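To start, the structure itself, in structure tokens.
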Amino acid sequence: MLTKKQHELICFINDRLAETGVSPSFEEMKDALDLKSKSGVHRLISALEERQFLRRLPNRARALEVLKVPERAEKRGAVPKPNNFRPLPEPANDVIEIPLHGRIAAGVPIEAFESSAMLAVPAALLGNGEHYALEVSGDSMVEAGILDGDYALIRRTDVARDGEIVVALIEENEATLKYFRREGAMVRLDPANRAYDPQRYRPAQVRVQGRLAGLLRRYD
């Protein structure tokens, strides 16, 4: 029998995987269950693993796989019956390999560089168009849910609308991940962290190289 919190967590993870194809972060799980710390999430996940409701996927971008979920309680707060679960369909494992072009700053711009590495991405995360991936370095986009070490999935484009998160190449040698906005005759690149200031450039100094299409996050 699952506890109420275990039941809530497995249902939350399952719903998020069904919606986005990517498991939620530990911070998101903590907030969803109204827990005081992420250590409580770790304990719940370990308990769900022992009961074979959940499996961790080491060295994979999608780090959690739901093996089974309990039947949803008809009334909120009701305790699910033991062993009353439905099997899930086989997970969709279709992946696409896209180029991994080094690291990109989510803080102070860093020099952009290319590499020959490839990153396997669940096909469900990508839409139409050509894509590539960049490893995020820095914390200036944390309030947009983009953390240091995440993989930003970028759709190639050279145009952007106000408010979109883009890869901006500055002076042809430094790349950064920021909100794109026009401010009079200038281009403003906004962080998503109040500890950082916006960056302003002349349009000729900035070249859009893509817009954010999705994120991958690893859990070690």
Side-chain angles (χ1 to χ4, degrees), residues 12-25 28 57 59-66 88-106 109-138 140-170 172-182 187-192 199 201 203-219:
F12 176 68
I13 294 171
N14 184 61
D15 289 346
R16 181 62 64 86
L17 285 170
E19 179 183 352
T20 68
V22 180
S23 56
S25 68
E28 290 170 329
L57 302 176
N59 302 318
R60 290 274 299 276
R62 184 174 59 187
L64 297 175
E65 181 180 324
V66 176
L88 290 178
E90 288 297 317
N93 292 319
D94 293 342
V95 296
I96 297 174
E97 287 196 339
I98 61 176
L100 176 59
H101 291 327
R103 306 186 76 200
I104 187 168
I110 59 174
E111 184 177 357
F113 63 93
E114 300 278 323
S115 76
S116 59
M118 303 292 287
L119 181 68
V121 177
L125 294 183
L126 302 178
N128 297 327
E130 184 182 357
H131 293 78
Y132 61 94
L134 293 163
E135 184 179 358
V136 175
S137 173
S140 80
M141 296 299 287
V142 293
E143 292 171 16
I146 303 171
L147 308 182
D148 184 73
D150 285 352
Y151 291 99
L153 309 180
I154 307 298
R155 184 185 180 204
R156 289 190 185 273
T157 181
D158 59 1
V159 295
R161 293 177 293 185
D162 277 13
E164 290 185 326
I165 297 176
V166 304
V167 175
L169 187 66
I170 302 168
E172 294 298 322
N173 65 3
E174 292 178 326
T176 189
L177 188 69
K178 293 287 183 293
Y179 283 108
F180 177 90
R181 303 189 193 279
R182 293 177 178 85
V187 169
R188 193 179 81 219
L189 302 178
D190 287 345
Q199 304 163 9
Y201 301 96
Q205 294 178 285
V206 178
R207 183 157 61 91
V208 173
Q209 291 198 305
R211 65 173 178 81
L212 183 69
L215 285 173
L216 285 180
R217 181 169 299 153
R218 294 185 186 276
Y219 300 98

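The basis for the numbers below is simple: all heavy atoms, side chains too, and nothing from hydrogens, waters or symmetry mates. Keep in mind it's a predicted model, so treat the numbers as computed, not measured.
- Paired with Thr176 under the rule side chain to side chain contact (heavy atoms under 4.5 Å, CB included), one option of Leu169, Ile170, Val206, Val166 passes, and it is Ile170.
- Side-chain contact between Leu147 and Val136 is absent, with no heavy-atom pair separated by less than 4.5 Å.
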Subject >> salt bridge (Lys or Arg N to Asp or Glu O under 4.0 Å) between Asp150 and Arg217, worked out >> reply: CA-CA 5 Å; Asp150 285 352; Arg217 181 169 299 153; 2.8 Å; yes
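- For the atom pair Ile104 CD1 and Gln209 CD, the distance stands at 8.0 Å (nearest 0.5 Å).
- With Asp190 as the partner, the side chain to side chain donor-acceptor pair (under 3.5 Å) test is satisfied by one option alone out of Arg181, Lys178, Gln199: Arg181.
- Of the inter-residue distances, the one linking Met118 atom CE with Tyr132 atom OH reads 14.0 Å to the nearest 0.5 angstrom.
- Contact between Thr157 and Arg211 at its shortest, heavy atoms only, is CG2-N, 3.8 Å.
- Here the shortest heavy-atom pairing between Pro203 and Val187 reads CA-CG2, 4.0 Å.
- Residues Leu189 and Ala168 share a closest heavy-atom pair of CD1-CB, 3.9 Å.
- By the 6.0 Å contact criterion, CG on Asp162 is enclosed, its count of non-hydrogen atoms from other residues, nucleotides or ligands being greater than 12.
- Here Arg188 contributes atom CZ and Arg182 contributes atom CZ; the two are 12.5 Å apart, rounded to the nearest 0.5 Å.
- Formation of a donor-acceptor pair under 3.5 Å by the Arg207 side chain with backbone atoms of Asp158 is not found in this model.
- With rounding to the nearest 0.5 angstrom, the CD1 atom of Ile165 is 6.5 Å from the CG atom of Leu177.
- Taking OH of Tyr151 as the reference point, atom CG of Leu134 lies at 11.0 Å (rounded to 0.5 Å).
- Here the closest heavy-atom approach between residue Ala192 and residue Ala144 is recorded as CB-N, 3.7 Å.
- Distance NE2/His131 to CD/Glu97: 15.5 Å, rounded to 0.5 Å.
- In this structure, Leu153 and Leu215 have side chains that are not in contact, with every pair of non-hydrogen atoms separated by 4.5 Å or more.
- Shown here for Asp148 and Gly138, the closest heavy-atom pair between the two residues is OD1-N, 2.7 Å.
- The shortest heavy-atom contact between Gly163 and Tyr179 is O-CD2, 3.3 Å.
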